[in-house]
Amino acid sequence: MAQITITLPDGAQRSYEAGITGGEVAADISKSLGKAALACTINGEFRDLSRPIEADADLAIHTIKDEAQALELIRHDAAHIMARAVQEIWPDVKVTIGPVIANGWYYDFDREEPFTPDDLAQIEKRMRDIIAARDPVRTEVWSRADAIAHYEAADEPFKVALVNRIPEGEDIRMYWHGDWQDLCRGPHLVHTGQVPADAFKLTRVSGAYWEGDAKNKQLQRIYGVAFRNRQELKDYLHMVEEAEKRDHRRLAKEMDLFHLQEEAPGMVFWHPNGWTVYRALEDYMRRRQIEDGYREIRTPQVVDRKLWEASGHWDKYRENMFITEIDEEHANEKRTNALKPMNCPCHVQVYNQGLKSYRDLPLRLAEFGSCHRYEASGAMHGLMRVRGFVQDDAHIFCTQEQIEAECAKFIQLLSRVYKDLGFDSFKIMFSTRPEKRIGTDAEWDITEGALEAAIKSIGMDYEVDPGEGAFYGPKLDFKLTDAIGREWQCGTFQVDSQLPDRLEAEYVGEDGEKHRPFMLHRAVLGSFERFLGILIENYAGKLPFWLAPRQVVVASIVSDADEYVTEVVENLRAQGIRAEADTRNEKINYKVREHSLGKVPVILAIGRQEVENKTVSMRRLGEKQSSVLPTGEVVAALKGEATPPDLV
RNA sequence: GCUGCCGUGGCUCAGGGGUAGAGCACCCCCUUGGUAAGGGGGAGGUCGAGAGUUCGAAUCUCUCCGGCAGCACCA
């Protein structure tokens, strides 16, 4: 038998007979490692411990201490154990796929009856039985024909489809524990007892389409989460709770920002507090854009279908549009209008008024454009996905040569804005021509080429997202990362030669001839509604001072202080600070609690001493301590803090 | 839109075939109290809408509307 050399991560080398397995090496190194081993990495490939090693190799043995590998294995095996539990309880349920996802896994089943919460409890219990049985995991490589024959005999049509999809040359691998068997790439644990019985939880059920396609059959998906030990599971569940606390829908109630109601699904009723934040953000954006050479315009919201037919929206986008008709009884003319879902066609109308010269380009037309889109009922979500919203939209009409400079200028604006709003990093995605598109390949070559040249010249990293462009042109999408690591796609920059063509935009060039301009669609925030949702969640409601709806509450401790409280509020307001008095007949504890829950950044408490000394007792949100300071000093300091970042 | 769950006073929620309950908020009274809920009293709901079953429906059934979670969608 040939001898091979196994090199361990610390550089140590050991000699074994060819065909030895990772598990045997682990046991040979030490008895305890043999027991603790979960899986291994052979020459960089994540493998079962039972995989024979036929030639010299680098080998790493993984135990529960290797977090990434251990979690992958635990979650993956938990998925299999769950599928087995389900089939043991309901033998007629068909299995499909069960991948590992963030924090856990899911498995899709084909079953007529949906799973109920009681079912979940029953499945969990059966899973613990399987774990307690410590069934060894065994694997074999099968031929495609055998695998298909097996799954046809077992009446598992989805597995047949999966086997057929495995590329030629790749192993078709079967796994067993107990009598249960599944098709899987692996690797898996050594036995089912290595999944911690007290560190997983089935979290929810939902429908999910086979192959993610709404045209296909809907399956029943069960989600689970799994960790290495009970504490990690507890920590995770705690984190989920914390994330729920920063849900903008919940905070909106606590802070009295806005509400939604049945009569206008997906349309926001902004309350005074929420609208104050909205306006602070809008005013800021307006200043930033004007500073950057944009001209602001305003275009109609209800527009005849003729324009949408010309732009292509009637054809490509109608199912997402609100269509309006005038009541026949009263109308003496009959026309069909649509609420605008986008601003671009209207902006071209503004551009088209009067003959444009190359000297007018680039022309940057901005609009905080109110748009309406008929979103699927299940898509709506607080402020994040609404049917009526306002974009910080603008269209730049320019020549091909100007695209690069405009792109650079836009990214500079976007970086500045994100930074001002508390987001330090963002990712750029470059989306190229999609399957369904208008325009010729030659036109796409031009727009894609121009956009990629622009992003390259800026020298920032970007990822390519093939086929994800808009139907009229390629785009850059900008994804920012929030305080708890979630990514949000907000900004966009799109190159379009189609719409200027369809709506016949033109300019007179140096040569005296008429030319088509390019049109750059761009937004920094995306929609104000959504961006405010992101801001609220990012700051967990504790908005920066300049954005806070109520910046200061001045509260009296005794009613003798009421008069001075009013005076201080007037002083603050004179400096443009959003201040309110709280002279209610309540104790200071009560007032502090209420305004803290309302996320007011600064509370100024005033008692007899403060009145006497012309001071205030200042307490900042989140701090336990308060400090007594001269009123004038506090007003001046807060005035500084209230200044928006672009005016500092 | 699809699957599941949910819809009770302003908010959070309990109840559940015999015509409604709590806490908080609100109003009134007492209390003037130093940094996250002082005390007492009062008012407030045809239980999402419509239809059906029943002697009787908020409670059971169906349809619709809305919400939540996920899926699909997000040019």
Side-chain angles (χ1 to χ4, degrees), chain A residues 106 108 111-117 119-120 203-223 244 247 249-250 253-254 256 259-266 311-313 315-321 341-342 344 373-382 384-386 431 434-438 468-473 475 477 489 492 494 496 498 521 526-527 530 555-562 583-598 603-610 617-628:
Chain A
Y106 66 78
D108 288 346
R111 182 191 188 219
E112 288 312 314
E113 297 278 291
F115 293 101
T116 66
D119 292 341
L120 289 194
T203 50
R204 59 174 71 96
V205 277
S206 81
Y209 301 104
W210 168 243
E211 294 180 309
D213 188 333
K215 288 196 280 293
N216 289 344
K217 179 159 193 176
Q218 186 151 28
L219 308 168
Q220 305 294 328
R221 175 173 296 179
I222 304 179
Y223 286 87
E244 276 167 16
D247 187 313
R249 292 166 301 184
R250 177 200 182 105
K253 271 182 193 151
E254 291 173 15
D256 194 16
H259 85 270
L260 298 160
Q261 69 183 48
E262 251 188 72
E263 288 76 4
S311 69
H313 286 83
D315 209 30
K316 300 258 175 200
Y317 206 69
R318 192 171 10 158
E319 62 177 34
N320 284 297
M321 290 165 68
M342 301 181 200
C344 24
R373 297 181 187 175
Y374 185 77
E375 299 286 355
S377 59
M380 283 172 314
H381 180 91
M384 301 303 190
R385 192 79 177 271
V386 286
S431 300
E435 292 271 314
K436 282 188 190 166
R437 58 179 183 263
I438 54 177
E468 290 301 308
F471 73 86
Y472 47 77
K475 60 177 181 172
D477 286 323
Q489 193 217 299
T492 190
Q494 311 173 354
D496 179 12
Q498 301 300 325
H521 308 241
S527 100
R530 189 172 123 96
S556 54
I557 296 168
V558 293
S559 51
D560 286 352
D562 288 356
T583 53
R584 291 175 302 171
N585 175 17
E586 296 292 350
K587 292 196 171 187
I588 191 65
N589 293 306
Y590 183 94
K591 296 181 184 181
V592 166
R593 176 182 151 82
E594 190 174 286
H595 298 125
S596 297
L597 289 173
I603 298 171
L604 302 181
I606 295 178
R608 290 209 178 81
Q609 287 184 341
E610 286 77 12
S617 170
M618 177 161 78
R619 177 189 166 120
R620 287 183 184 270
L621 183 58
E623 286 176 12
K624 292 260 182 287
Q625 212 83 45
S626 56
S627 43
V628 177

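Chain letters run A, B, ... following the sequence lines, proteins first, then strands; residues in each count from 1. What you see below is based on every heavy atom in this structure, not just the backbone, and it leaves out hydrogens, waters and symmetry mates.
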Exercise. Is a donor-acceptor contact shorter than 3.5 angstrom present between the side chain of A/Ser559 and the base of B/U32?
Worked result: yes
Exercise. Looking at the side chain of A/Tyr590, which of B/A36, B/G33, B/C26 is the nearest nucleotide?
Worked result: B/C26
Exercise. Of the candidate nucleotides B/C74, B/G1, B/C26, which contains the atom at the shortest distance from the side chain of A/Ser377?
Worked result: B/G1
Exercise. Using purine N1 to pyrimidine N3 plus N6-O4 or O6-N4 for Watson-Crick, or N1-O2 and O6-N3 for G-U wobble, both under 3.5 Å, which nucleotide pairs with B/G34?
Worked result: none
Exercise. A/Ala214 has a side chain; which of B/U32, B/G34, B/A72 sits nearest to it?
Worked result: B/A72
Problem set entry | Cationic N near anionic O, under 4.0 Å, A/Lys217 to A/Glu112 | yes
For this session: Kindly indicate whether the side chain of A/Phe471, heavy atoms from C-beta on, has any atom under 4.5 Å from the side chain of A/Gln498.
Result: no
Exercise. Ignoring hydrogens and angles, does a donor from either the side chain of A/Arg221 or the base of B/A69 sit under 3.5 Å from an acceptor on the other?
Worked result: no
Seminar exercise, completed: In whole angstroms, the gap separating P of B/U32 from CD1 of A/Ile606 amounts to 21 Å
For this session: Describe the nucleic acid contact of A/Leu597 in one word from base, sugar-phosphate, nothing, applying a heavy-atom distance below 4.0 Å.
Result: base
Exercise. Can you tell me the Watson-Crick or wobble partner of B/A22, both distances under 3.5 angstrom?
Worked result: B/U12
For this session: Take atom CD of A/Gln220 and atom P of B/A72, then tell me their distance rounded to the nearest Å.
Result: 15 Å
For this session: Compare every heavy atom of A/Arg373 with every heavy atom of A/Pro341, then report the nearest pair and how far apart it is.
Result: O-NE, 2.9 Å
Seminar exercise, completed: The answer to which of A/Gly212 and A/Gln261 contacts RNA chain B further toward the 5' end, by nearest nucleotide, is A/Gln261
Exercise. Do A/Lys316 and A/Ile438 touch side chain to side chain, with heavy atoms closer than 4.5 Å?
Worked result: yes
Problem set entry | Nearest-nucleotide pick for A/Arg619, side chain only, options being B/A36, B/G33, B/C65 | B/A36
Exercise. Does the side chain of A/Lys253 get closer than 4.0 angstrom to OP1 or OP2 of B/U12 through an N or O atom?
Worked result: yes
For this session: Measure the shortest side-chain to side-chain distance between A/Gln220 and A/Asp119 over non-hydrogen atoms and say whether it is less than 4.5 angstrom.
Result: no
For this session: Ignoring the backbone of A/Tyr223, work out which of B/C26, B/G70, B/A36 is nearest its side chain.
Result: B/G70
Seminar exercise, completed: A/Glu263 CD to B/A49 C1', in whole Å, measures 11 Å
Exercise. Any side-chain heavy atom of A/Arg584 sitting closer than 4.5 Å to one from A/Glu594?
Worked result: yes
For this session: Can you tell me the pairing partner of B/G70 across any strand shown, Watson-Crick or G-U wobble, with both distances under 3.5 angstrom?
Result: B/C2
Problem set entry | Nucleotide nearest A/Pro114 (side chain, heavy atoms from C-beta), chosen from B/U32, B/U3, B/G34 | B/U3
Exercise. Considering only B/G38, B/G1, B/G33, which nucleotide approaches the side chain of A/Glu586 most closely?
Worked result: B/G38
For this session: Could you measure between the two C1' atoms, the one in B/A25 and the one in B/U53, and give it in whole Å?
Result: 40 Å
Problem set entry | Euclidean distance for P, B/U8 against B/C13 (whole angstrom) | 9 Å
Exercise. Does A/Glu610 get its side chain close enough to the base of B/G34, under 3.5 Å, for a donor-acceptor pair?
Worked result: yes
Problem set entry | Whole-angstrom distance between B/A51 and B/G15, as gauged at atom P | 28 Å
For this session: Could you check which nucleotide pairs with B/G50 in any of the strands shown, counting Watson-Crick or G-U wobble with both distances under 3.5 Å?
Result: B/C62
For this session: Under 4.0 Å between any heavy atoms, over every strand shown, what does A/Arg608 touch: base, sugar-phosphate, or nothing? Just pick one.
Result: base
For this session: Mind listing the closest non-hydrogen atom pair of A/His521 and A/Asp496 along with its distance?
Result: NE2-OD2, 2.8 Å
Exercise. Looking for any heavy atom pair under 4.0 Å, which part of the strands does A/Tyr106 touch: base, sugar-phosphate only, or nothing?
Worked result: nothing
Exercise. If you look at every strand shown and take non-hydrogen atoms under 4.0 Å, does A/Glu594 touch a base, only sugar-phosphate, or nothing?
Worked result: nothing
Exercise. What distance, rounded to whole Å, do you find between the two C1' atoms, one in B/G9 and one in B/G21?
Worked result: 11 Å
Exercise. CG of A/Leu219 versus P of B/G70: gap in Å, rounded?
Worked result: 18 Å
Exercise. Do any side-chain nitrogens or oxygens of A/Arg249 fall under 4.0 Å of OP1 or OP2 in B/C68?
Worked result: yes
Seminar exercise, completed: Here the distance between atom C1' of B/A69 and atom CE of A/Met380, to the nearest Å, is 15 Å
Exercise. Distance check: side-chain N/O of A/Ser206 vs OP1/OP2 of B/A69, anything under 4.0 Å?
Worked result: no
Problem set entry | A/Leu120 CG - B/A69 P separation (whole Å) | 18 Å
Exercise. Where the side chain of A/Glu262 is defined as all heavy atoms beyond and including C-beta, which of B/U3, B/A36, B/G66 is the nearest nucleotide?
Worked result: B/G66
Exercise. Closer than 4.0 Å, any side-chain N/O of A/His381 to the OP1 or OP2 of B/A69?
Worked result: yes
Exercise. Heavy atoms under 4.0 Å, any strand shown: does A/Lys624 hit a base, just sugar-phosphate, or nothing?
Worked result: sugar-phosphate
Problem set entry | P gap between B/G45 and B/C29, integer Å | 23 Å
Problem set entry | Pairwise C1' distance for B/G66 and B/A57, with rounding to whole Å | 22 Å
For this session: Give a yes or no on whether a donor-acceptor pair under 3.5 Å exists between the nucleobase atoms of B/G70, that is its base, and the side chain of A/Tyr209.
Result: no
Exercise. Expressed as a whole number of Å, how far does the C1' atom of B/C60 sit from that of B/A36?
Worked result: 46 Å
For this session: Please say whether more than 12 non-hydrogen atoms of neighbouring residues, nucleotides or ligands are located less than 6.0 Å from CD in A/Gln625.
Result: no
Exercise. Do A/Ile603 and A/Ser596 have side chains that get closer than 4.5 Å, going by heavy atoms?
Worked result: yes
Exercise. According to the Watson-Crick and G-U wobble definitions, with both distances under 3.5 Å, which nucleotide is paired to B/G17?
Worked result: none
Problem set entry | Closest listed nucleotide, where the reference is the side chain of A/Ala376 and the choices are B/A72, B/C26, B/G33 | B/A72
Problem set entry | Base B/A69 paired with A/Arg204 side chain (donor-acceptor, <3.5 Å) | no
For this session: To the nearest Å, give me how far apart CD1 (A/Ile222) and P (B/U3) are.
Result: 18 Å
Problem set entry | First encountered from the 5' end of RNA chain B, between A/Leu260 and A/Leu621 | A/Leu621
Exercise. Rounding to the closest angstrom, what is the interatomic distance between B/G40 and B/C5 at atom C1'?
Worked result: 42 Å
Exercise. Closest to the A/Ala379 side chain: B/C26, B/G38, B/A72?
Worked result: B/A72
Problem set entry | Complementary nucleotide for B/C27 - Watson-Crick or wobble, under 3.5 Å | B/G41
